[in-house]
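Read through the structure below, which is laid out as structure tokens, and then see the notes.
Residue numbers start from 1 in every chain, and the chains themselves are labelled A, B, ... in the order their sequence lines are given, proteins ahead of strands.
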Amino acid sequence: MDICVNCVYNRYPKIPPSTTFNTDIAIVGEAPGSEEIARKIPFVGPAGQLLNKALKTVQLPDREEMFVTNALLCRPPQQKPKLKQAIRQCQKRLIGELELVKPRLIIALGNIAMHSLMDDFDLKISKEQGRIMESPFLPGTKIIPMLHPAAVLRAPGDYKLLFGTMQYAAKVYAGADIPDPGKVQWEVVETEQDFQRMMNVLSTKKKVAADIETTGLNPRRDDILVVGVAYDKNKVFVLRPDMLRREMFEIPGLEWIWHNGKFDIQFLRRRGLPAMGHHDTMLLSYCLNEHTGIHDLGQLSTRILGAPPYKHKVKSKVGKKGFAELPEPDLFERVAEDADYTLQIFDTLHEKVCANEQLKRLYNRIMIPGSAFLRRVQRNGIYVNQDLLQEYKREYQQHLSEILDRILDIAQPLWDPEKYKRDTGAKSAPEVFNPGSTYQLAWLLYDVLRLKPRGRKKGRSTDAEMLSKMEGMHPIIDEMLEYRSVAKELSTYIEGVEKHIADDGRVHTTFKLHGTVTGRLSSAEPNVQNQPKRKPKVRNIFQAPPGKRLLEVDYKGAELRVLAHISGDPDLRTCFIEGRDLHAEVAEALQAPRIRAKAVNFGIAYGRTEYSFAEEFGVSVEEARQYLYDWFARFPKAKEYMDGCARAVVEGRTLVTPFGRHRRFGLITSENLSELQNESKNFVIQSVASDLTLMSAMRAEKPLRDLGVKIINLVHDSILLECPDDDGVTREAMHVLDDIMSKVPKEELGTDVPFGIDFGVGYQWGNLEEVEVDSYATQ
DNA sequence: GCGAGCCTCCC
DNA sequence: CATGGGAGGCTCGCA
């Protein structure tokens, strides 16, 4: 090529662009790689394969149907930065090619391609990816820069970003009307005059979106750094904490939109500011897609607006101390952008939710009130007896070190780090055996001691079930079982809870409304939904504070009752309506002990299979299958219902609950089909049972508060309350709960299946006494 | 520092 | 062969 004659890189191997000229879409890469040079075709190496995968998934044309070229014709020496001079030299050639092809859309992969096309060498791909650009040389052609697939190969975590941008490119190519996120502008509210001007502007608006940045995630300990209020596209007021006034949150008729507003509102309310959450873009997004981990603002703004992944650019500047270290201009830009994007994505999401009557109902009746309700439950917190916790901590530490001594007495003579490394291929091994390492334990049990667990189960697992199959074969087995049990209780339930005790002596969990695909809540930091029930001692550190008692209420067998209603199975229904003993009847039908019948009853509702029953009961899979067969023979309509769910998966139908929750089963393969079908059988049952509990708790909150009773925890189908230490009040609270919890299923589901409830009362959570509604009779 | 894999607690 | 929904602690390998 003559163009190369004067180029500093003229002696390096070159490959020409693809010969597909009759196309309206082009891809521009950086420079050919070694495989490309070898085969004389652009993008055939690993990066090319990644690119193909992304193109295919978003249904853009195949690479062969596009014009494919590179910013550099040749493969210049590695390591050295690509010379600007050479890029400029090659730029004329690149632009010339594209003028000839005249594509509608150009995908620019990586910095170099973007620099060359845009003739701007200061742009950063991490900042610009996903924006629609126009080159000074190619008017009318849309250019979308994105990460280079080779960069993604080095940082696979970035695939999501590349994929998201590619998806956006596909939309643009398909001619979708994509809003341009624009560039955010903000003004800092510095003076009282500024504040008044802001109030005047906000008073003319129907809705605004807001966001806060904080020094940390704990509303009781951390501080607000800045608040952003977006009132028009790209227009944001930014306030330092000293400029926050309650008036701004009390503007009549003004609706506030947040993204995960529960978090922001906690901080603002702690400071006496009456912030309200009328709308929440995270919850809107979750209503539209029940999958978890895809509702953060960064992903949504890129997907909906094609916004660049702005979180990226701040992250590098944020040190260990989080946003506190960020210089004000960066902090302001960040909060402004978050608020701006929240406002911009709101309409799209809200319209989509409102277009579906079920989703609209779900959003308005459960999500929005649920968010505010859970904020109050979190704020109430659960009281912890710290003296008892400390006592247990010392006791368990002592106990653990004794077990450890005994384990080492047994294991150390058998432990040979060098042999362990040779046998297992481990890179390193400690001098002392670590019972916390499942790999080391497996080596010891299976390779050194050559233990053979009883039963047919194969594999080198060291879980409790497998260990129990080796019980009595070696003294280390019993010690390991005890070690596991004590270590778990100490690290997770004693030290794990201790870490989260706040200054008020309580733990304040964080509930997620968007944490599960079924609509159950999830709880974290600490998780107050998996506190040991079978080891009540640990649960006893959660107590009633002085002057209070704990009251717990739960729907008994909620999921089976939901199944009875949803499937309409006559026998299952009448069993509940007539208050018969289901476990006894099933035990008879299955010719099994009551305890097994009970396990099957609950297991059916959880969607458990013959394999899991076989394991639990220690019977053959055939025997367990017979149990299920007998159960479903007894309740044929329930079987019909579950088969219908499984069919929905194959037919690609979406399951919808009476509360409006949706479950789609996505891409079905031969690998995941039976897995998805099991999920489908359980979805509605689990989902409805938890929504009934949430709905009941929300409805009971106010009348209970009037009695001085606070809701302090929700565990799927049970509610934990803190009640004044008074029999009369307890009785009234129980009546309120009894009334509401029996009404809610009737009203929400229109069912005549009774939803019975159980009460427990006491002072320590692990030690509650079962009581009847009328236990505290009026004198 | 982060993700994967293992294990164990809950409904 | 595996097989409902979560959180989280630990080890280990990789960056």
Given C:dG5, C:dC10, C:dT11, identify the nucleotide with an atom nearest to the side chain of A:Ser491.
C:dC10
When we call it a touch if two heavy atoms are under 4.0 Å apart, what does A:Gln531 touch: a base, just sugar-phosphate, or nothing?
sugar-phosphate
Is it the case that the side chains of A:Glu498 and A:Gln390 hold a donor-acceptor pair, with the cut-off being a distance below 3.5 Å and no angle test?
yes
Take the protein atom NE2 of A:His716 and the nucleotide atom C1' of C:dG6, then report the distance between them rounded to whole Å.
6 Å
Nearest-neighbour nucleotide for the A:Gln440 side chain, C:dT3, C:dC12, C:dG6 considered
C:dC12
Check if the side chain of A:Arg520 and the base of C:dG5 share a donor-acceptor pair of N or O atoms closer than 3.5 Å.
yes
Taking atom types as modelled, find out whether A:Trp443 and A:Asp423 have a side-chain donor-acceptor pair closer than 3.5 angstrom.
yes
Any base atoms under 4.0 Å from A:Ser523, or only sugar-phosphate, or nothing? Heavy atoms, all strands.
sugar-phosphate
From CG of A:Asp554 across to P of B:dC11 the rounded distance in Å is 9 Å
When you measure from the side-chain N and O atoms of A:Lys427 to the phosphate of C:dC14, is any distance below 4.0 Å, counting only OP1 and OP2?
yes
Can you tell which of C:dA7, C:dG9, B:dC7 lies closest to the side chain of A:Arg484?
B:dC7
Closest to the A:Val517 side chain: C:dG5, B:dC10, C:dG8?
C:dG5
Compare the minimum distances between each of C:dT11, B:dC11, B:dT8 and the side chain of A:Asn434, then state the nucleotide with the smallest one.
C:dT11
Given C:dC12, C:dG5, B:dC9, identify the nucleotide with an atom nearest to the side chain of A:Gln686.
C:dG5
Going by centres under 5.5 angstrom and planes under 30 degrees, do the aromatic ring of A:Tyr606 and the base ring of B:dC11 stack?
yes
Quick one: is the NZ or CZ of A:Arg608 closer than 6.0 Å to the six-membered ring centre of A:Phe613, and within 45° of its axis?
yes
From C-beta outward on A:Thr438, which listed nucleotide comes closest to its side chain: B:dC10, B:dC7, C:dG4?
B:dC7
Select one nucleotide: of C:dG13, C:dG8, B:dC9, the one nearest the side-chain heavy atoms of A:Ala524.
C:dG8
Does a donor on one side chain and an acceptor on the other come within less than 3.5 Å for A:Thr462 and A:Arg484?
yes
Measure from the side-chain heavy atoms of A:Glu525 and tell me the nearest of C:dT3, C:dG8, C:dG9.
C:dG8
